[in-house]
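Data block below; observations after.
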Protein chains: 2
Amino acid sequence: MATSKNIKPTESEIEILRVLWDKGKATVREVHEILSTHKDAGYTTTLKLLQIMFEKGLVKRDDSIKTHIYFANVSKEITQKQFMGKMINSLFSGSSTQLVMQALGNHQHSKEELEEIQQLLNNLKKK
Amino acid sequence: MATSKNIKPTESEIEILRVLWDKGKATVREVHEILSTHKDAGYTTTLKLLQIMFEKGLVKRDDSIKTHIYFANVSKEITQKQFMGKMINSLFSGSSTQLVMQALGNHQHSKEELEEIQQLLNNLKKK
DNA sequence: TATTGCTTACGAAAATAATCGTATCAATGG
DNA sequence: CCATTGATACGATTATTTTCGTAAGCAATA
């Protein structure tokens, strides 16, 4: 049983996961290139981070070739849920409704987006 | 200009802020009593944390009396926004709509809560 | 007054996270 | 064949966060 599930990625680890979620797979260098557009840390830092994440089970890798290829091993959705849950508890007194209202009220949403939310809301109300 | 605004509280600091937001004000001992119901760290740990938070400007205190009284110096709302923003960027590709949908879809909401959300949604749609 | 109990202050250790330097290996081109 | 380039491994350093131990003040009271 892969017990890697409730390991909470650190901030830097999330940055890396974003790249992997986005691209599907990537070499250390590719990850590093992307990160370095908005952050400056050396190549070996990224490498080390990926190695640590590998040990934690946050990423998989194909090391059958010289230049390893990395993949996310935790889904974006699960990670989102994990952090949402944490946030709801720590900052919204456990009320996901409060969080929703906050997000709705304090951010811009286009007409289309509002409609999309309305759809979901309708579905929920039916039950 | 109090520049204390974009200091991001750490995890432990948030736990403390929750108590202060909830109670309005509290002594170190009161904070500690509450925290110790779900966490075990010594009294001086809580004290030190509050002192650090004071230096950072996260809390105010009345130290005109022997047993100091602490108050939050950052609002819950602003802190919520701050963390929401961070989360939207790091985990929802900048889309607050996605976050809203996630929270709506993956958590329980009572009929009344759904209605409350509907109200807000109606308001937003008007504009 | 001396003791006890509760307080703050504060340095420093322990734990966690992030960064880097260096060794080493493999492929490639001259 | 050897120098160069680019890759991994990994120990060690640095930074940040959390925790605690100890000293010292003050007030109630035995």
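Just so it is clear: chains get the letters A, B, ... in the order the sequence lines come, proteins before strands, and each one is counted from 1. Everything numeric in this text was worked out from a predicted model, so none of it was measured.
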Legend entry - Minimum side-chain heavy-atom gap B:Leu91-A:Phe83 below 4.5 Å: yes
Atom pairs and distances, donor-acceptor, side-chain atoms in residues 43-54 of chain B, under 3.5 Å, two or more places apart:
none

Inset, instruction - Classify the angle between the aromatic ring planes of A:His107 and A:His109 as parallel (below 30°), tilted (30 to 60°) or perpendicular (above 60°). - result: perpendicular
Inset, instruction - Among the candidates C:dC20, D:dT18, C:dT7, find the nucleotide nearest to the side-chain atoms of A:Lys48. - result: C:dC20
Inset, instruction - Check whether any side-chain heavy atom of A:Glu113 lies under 4.5 Å from a side-chain heavy atom of A:Gln108, and answer yes or no. - result: no
Inset, instruction - Would you indicate whether the side-chain heavy atoms of B:Gln80 and B:Lys76 approach each other to under 4.5 Å? - result: yes
Inset, instruction - Run the salt-bridge test on B:Lys23 and B:Glu30 with the 4.0 Å N-O cut-off and return the result as yes or no. - result: no
Legend entry - Flag side-chain contact, heavy atom, 4.5 Å: B:Thr79 against B:Trp21: yes
Legend entry - Over 12 non-hydrogen atoms of neighbours within 6.0 angstrom of NZ in B:Lys125: yes
Inset, instruction - Using whole Å, report how far CZ of B:Phe54 lies from P of C:dT7. - result: 19 Å
Inset, instruction - For DNA chain C, find the residues of residues 30-45 of chain A with a heavy-atom distance under 4.0 Å and give them by number; none if there aren't any. - result: A:Lys39, A:Ala41, A:Gly42, A:Thr44, A:Thr45
Legend entry - Rounded distance (Å) that lies between atom P of D:dA9 and atom CG of A:Asp63: 7 Å
Inset, instruction - Heavy atoms under 4.0 Å is the rule here; annotate nucleotides 25-30 of chain D 5' to 3' with B where the base is hit, S where only the sugar-phosphate is, and - elsewhere. - result: B-----
Legend entry - Global bending angle along the helix from C:dT1-D:dA30 to C:dG30-D:dC1, which compares the axes of five pairs at either end, to 10 degrees: 30°
Legend entry - Proximity to the side chain of B:Thr67 - top-ranked nucleotide from C:dT7, D:dA7, D:dA9: C:dT7
Legend entry - Residue pair B:Lys86 / A:Glu11, side-chain heavy-atom distance below 4.5 Å: yes
Legend entry - Whole-Å gap separating C1' (D:dT19) and CG (B:Leu50): 14 Å
Legend entry - Within residues 12-28 of chain A: residues closer than 4.0 Å to DNA chain C (heavy atoms): A:Ser12
Inset, instruction - To the nearest Å, give me how far apart CG (A:Leu58) and P (C:dA17) are. - result: 11 Å
Inset, instruction - Give a yes/no on whether any side-chain N or O of A:Arg61 is located under 4.0 angstrom from OP1 or OP2 of D:dA9. - result: yes
Inset, instruction - Find the distance B:Gln51:CD to D:dC20:P and express it as a whole number of Å. - result: 15 Å
Inset, instruction - Starting from C1' on C:dG11, measure out to CD on B:Glu55 and report it in whole angstrom. - result: 13 Å
Inset, instruction - Examine distances only and state if a side-chain atom of A:Asn73 and a backbone atom of A:Lys60 form a donor-acceptor pair shorter than 3.5 Å. - result: no
Inset, instruction - Could you state the atom-to-atom distance from CG of B:Leu47 to P of D:dA24 in whole Å? - result: 17 Å
Legend entry - Sub-4.5 Å side-chain heavy-atom contact between A:Lys111 and A:Glu115: no
Inset, instruction - Indicate, with yes or no, if A:Ile65 and A:Val28 share a hydrophobic cluster defined by side-chain heavy-atom contacts under 4.5 Å among Ile, Leu, Val, Met, Phe, Trp and Tyr. - result: no
Legend entry - Interatomic distance where CD1 belongs to A:Ile65 and C1' belongs to D:dA7 [whole Å]: 12 Å
Legend entry - Any side-chain heavy-atom pair of B:Met84 and A:Asn106 under 4.5 Å: no
Legend entry - Any A:Arg29 side-chain nitrogen or oxygen under 4.0 Å from OP1 or OP2 of D:dG6: no
Legend entry - Apart from A:Leu124 itself, residues in the same hydrophobic cluster as defined by side-chain heavy atoms under 4.5 Å: A:Val100, A:Met101, A:Leu104, A:Leu114, A:Ile117, A:Leu120, A:Leu121, B:Val100, B:Met101, B:Leu104, B:Leu114, B:Ile117, B:Leu120, B:Leu121, B:Leu124
